[in-house]
There are 2 protein chains.
Amino acid sequence: MTTTSAGASPRADTAARERGLAALRQRFGDRYVDSTALREQHANQVTWLANQPPDAVIYLETTEEVAEAVRICADGGLPVIAFGAGTSLEGQVNAPHGGVSFDFDRMKRIVAVHQEDLSCTVEAGVTHRQLNTHLRDLGLFFAVDPGADATVGGMAATRASGTNAVRYGTMKDNVLSLTAVLADGTVIRTGSRATKSAAGYDLTRLMIGSEGTLGVITELVLKLHGIPEVIAGGVVQFDTVAAACQTTMEAMQTGLPMARIELLDALMVRGVNAYSKLDLEEKPTLFVEFHGSKAAVDEQSALFGEICAFNGGGAFAWSASTEERNRLWRARHDANWAGRELRPGTEGASTDVCVPISRLADIVTATQDDIRETGLIAPIVGHVGDGNFHVGLLVDMDNQQEVEAARGFVSRLNRRAIEMDGTCTGEHGVGQGKIAYLRAEHGAALDVMKAVKATLDPAGIMNPGKIFGP
Amino acid sequence: MTTTSAGASPRADTAARERGLAALRQRFGDRYVDSTALREQHANQVTWLANQPPDAVIYLETTEEVAEAVRICADGGLPVIAFGAGTSLEGQVNAPHGGVSFDFDRMKRIVAVHQEDLSCTVEAGVTHRQLNTHLRDLGLFFAVDPGADATVGGMAATRASGTNAVRYGTMKDNVLSLTAVLADGTVIRTGSRATKSAAGYDLTRLMIGSEGTLGVITELVLKLHGIPEVIAGGVVQFDTVAAACQTTMEAMQTGLPMARIELLDALMVRGVNAYSKLDLEEKPTLFVEFHGSKAAVDEQSALFGEICAFNGGGAFAWSASTEERNRLWRARHDANWAGRELRPGTEGASTDVCVPISRLADIVTATQDDIRETGLIAPIVGHVGDGNFHVGLLVDMDNQQEVEAARGFVSRLNRRAIEMDGTCTGEHGVGQGKIAYLRAEHGAALDVMKAVKATLDPAGIMNPGKIFGP
């Protein structure tokens, strides 16, 4: 493959852009907003990456409106940046080349729940907590649960996962099909409601993880699961992260159907103790959960306890009490914020790598050594059943030396993961933060991605500056 | 998207092709074969579709050799058709435009088994039975099991599944990454050994199901599972297919982790009784299997028995005896051949559709009515947990009227599935047999597929005449 200029910034002139913005303002009236405050709210605000606001924000209500708005942007050479909840961690919602933020706050309709098929059809602006609140009374749930209350459209765009992925898979595995608007305003539906198909190229999976660079996702058919009869979980603590990782690997190898298995290192435990009023020992800790019948959960918990003991873990204290469990998992989901409280006033940078589970103990240990040697403050949390973990860097952005040290650390971490035949991102996506590592990870395959991008978005208006280049 | 000439037959002149064939003969010596018998063996032989032999067959031994051969074919404008076990059912291995069959019989190496990671690296010519024989002593298995002993490369190319898909997923879910040779000879690896990644476009899933039209798959990293502690299964019979389908749907809704749930209609039961020496009543029958611990399997079997009874099913006779179980599932896997014995001397056409499970009873019932009204002999088997089923048409190819009637039936079946928001193929792929239905199923999305095809294979040498057009 020859390299193509994917992600090139639109070449349209300023006058054309102005005409495009005027046309959007005329078409969408008070649903077109360009106040500085709102524009800044629609760019990155959650990490140490810069805040790069769009020229304007529009609030869309239907797929047809999205298509119409994309056509106007195409005419004006205006970048199109889809915006869900704004919780992406690698700058996916930034507008480095300006353009228009497509806000999905008015596309939160749960179109249909297909109970007999264990699926539902929803608009892209629906959040996973909104959906699960709606589903609870039906005895169903949607399994993908990133820490923030992200929209399902944004989750699909970044191929998000979360704590349940070890059992239920990532967005890749939980979207049956989707509706998307392409760079020329064409609306496509990538599949049917059948649970499997061999009818041509898998455009559903091509769109999932494309971060808005190929099209704007407007509607999805999602896979659902029945709420388990019993949900039980608990915590177990270890003297070393290596022992916790070994325990995780052995639990996976025995085929224990872990619903969740999450690692917090000692520093992260200190953070959640303070933030979420827990009283855990400050040691490497696994949060685990089992789903199933009473008998199955009892059996699984007992077996897991044996594996923990074998690896020098403490007592595995577990319970099926909803209240206790929710308290624990809320704390886990708030870890990102809890971590930041460890060093108020700093910027957080939650980085994300994933390796084959056999290398997990090696990379976590090497990463902790690197953190120590670099003199950074950086708690670790991990979806360790997937070999995926996050380092929550807490950086004093006014200290240039520290910022540089942190950048060096992130670079070493990503290259370490790639050298172990892993990936520079397990679930946060590339956005702006991981662009530098894709050549090392993908080699010539990166040129294939660029060729596909150049074909479906020749003018480079779909979320430019993400995945492929600045 | 504008329509592009994907799948166009290569434009190179005859002289260039002759030079290409001569170059291949010179390079590969006695691994280049062009006898009529062998060429015909390398085209479709398993269905009523025509046998369209390639100009030559070459036996390749490494990814580098495949790349070299593709470059020679590209220079000569020679179509490239990958050939595994030749078991595809929609003419995927045919050479309607001539060209070269790339035989993978010498690429059967199991490169590595990564026990701790529950994955393995294998060459594309490895078959699923070969792999599982190799894995058995390690207590691991590869879950995707089409009826024939297909190669994993071919299974990936057609997005195959099989009886285990309801629990373990299809090839889409069981390939971590793959190595492929593109139309210009570039070798790419589409991912790492990490179990998940958000690092750019999902080229693994783009290649899976592309049927050799984007590149030739040479090596794969496959997901493995631990062999369950207990495997138990059995059969249950019903008076109507509707009752069997309703039972299936309810079992799925309750979240019963069925490992396999297969429907055979009364005619198919007659076929397997005769072919596999079983003595089942000639009634709609479900073959089911449960995987797990002793306690889990007991519990699941009991619950399933209750669902059967509630829906008027007969007694659910199940056993954990390996011998009995193997006899049963061998019979199920031989159903395609057993069906043909119902009418010796005819050609078989195993067609394949998939619908949302809530529509399964409707479509199977409507299809049986259609079979009766059309006067065809066509047993039905189904991976009903997925909403997927096959109709095994037995056609007297010398009776033109019957052939036309069968074609009409297949067309109605596919359109019926698409109208129910299903797909014209759940697992056999498009090949030549399903091309006519893709526009109805995908609409404008088909043009996106064509655009991707035209970008990665501008000369149209990769398996032309498949998926997109004759």
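By convention in this document, chain letters (A, B, ...) are assigned in the order of the sequence lines, proteins followed by strands, and residues within each chain are numbered from 1. In what follows, every heavy atom counts, from backbone to side chain, and hydrogens, waters and symmetry copies are set aside. Source: prediction; values computed, not measured.
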Chain A interface, residue from E229(B), K434(B), H442(B) that has the most non-hydrogen pairs under 4.5 Å: H442(B)
Highest number of heavy-atom pairs under 4.5 Å with chain A among L214(B), L140(B), L224(B), V353(B) belongs to L214(B)
Ignoring hydrogens and angles, tell me if any N or O in the side chain of R189(B) forms a donor-acceptor pair with the backbone of A445(A) under 3.5 Å. no
Thinking salt bridges, do R205(A) and D202(B) make one under a 4.0 Å N-O criterion? no
By ring pair (Phe, Tyr, Trp, His ring centres under 6.0 Å), which residues pair with Y168(B), not counting sequence neighbours? F141(B), H225(B), H291(B)
Using only atom types and a distance under 3.5 Å, with no angle test, would you say the side chain of T455(A) pairs donor to acceptor with the backbone of V452(B)? no
Side chain, backbone, both or neither of K196(A) within contact of chain B (heavy atoms, under 4.5 Å): both
With a 4.5 Å heavy-atom cut-off (strictly below), which parts of residues 422-430 of chain A touch chain B? List them by number. G422(A), T423(A), C424(A), T425(A), G426(A), E427(A), H428(A), G429(A), V430(A)
Quick check for you: to the nearest 0.5 Å, what is the distance between S192(A) atom OG and E419(B) atom CD? 13.5 Å
Against chain A, label S119(B) side chain, backbone, both or neither, depending on which of its atoms sit under 4.5 Å from a heavy atom there. neither
Where does T170(B) contact chain A at under 4.5 Å (heavy atoms): side chain, backbone, both or neither? side chain
Measure distances from T213(A) to the heavy atoms of chain B and classify the residue's part below 4.5 Å as side chain, backbone, both or neither. both
Side chain from CB out, backbone as N, CA, C, O: work out which of these in I357(A) comes under 4.5 Å of a heavy atom of chain B, or both, or neither. both
Residues at least two apart in sequence or cross-chain that pass ring pair (Phe, Tyr, Trp, His ring centres under 6.0 Å) with F290(B), listed by chain then number, are F304(B)
If you count heavy-atom pairs under 4.5 Å between each of K172(A), R159(A), E250(A), E211(A) and chain B, which one has the most? R159(A)
According to salt bridge (charged side-chain N to carboxylate O under 4.0 Å, His left out), who are the partners of D117(B), at least two apart in sequence or on a separate chain? R193(B)
Check each atom of H114(A) against the heavy atoms of chain B and say whether the ones under 4.5 Å are side chain, backbone, both or neither. neither
Quick one: what part of D421(B) sits under 4.5 Å from any heavy atom of chain A, side chain, backbone, both or neither? both
Side chain proximity check, V448(B) to Y201(A), heavy atoms < 4.5 angstrom: no
Answer with side chain, backbone, both or neither: which region of V187(A) has an atom nearer than 4.5 Å to a non-hydrogen atom of chain B? backbone
Please identify, among G255(A), S210(A), A417(A), the residue contributing the most non-hydrogen atom pairs under 4.5 Å to chain B. S210(A)
Looking at G200(A), G226(A), S197(A), A194(A), which one has more heavy-atom pairs under 4.5 Å with chain B than the rest? S197(A)
Chain A contact via A165(B) - which portion, at a heavy-atom distance below 4.5 Å: side chain
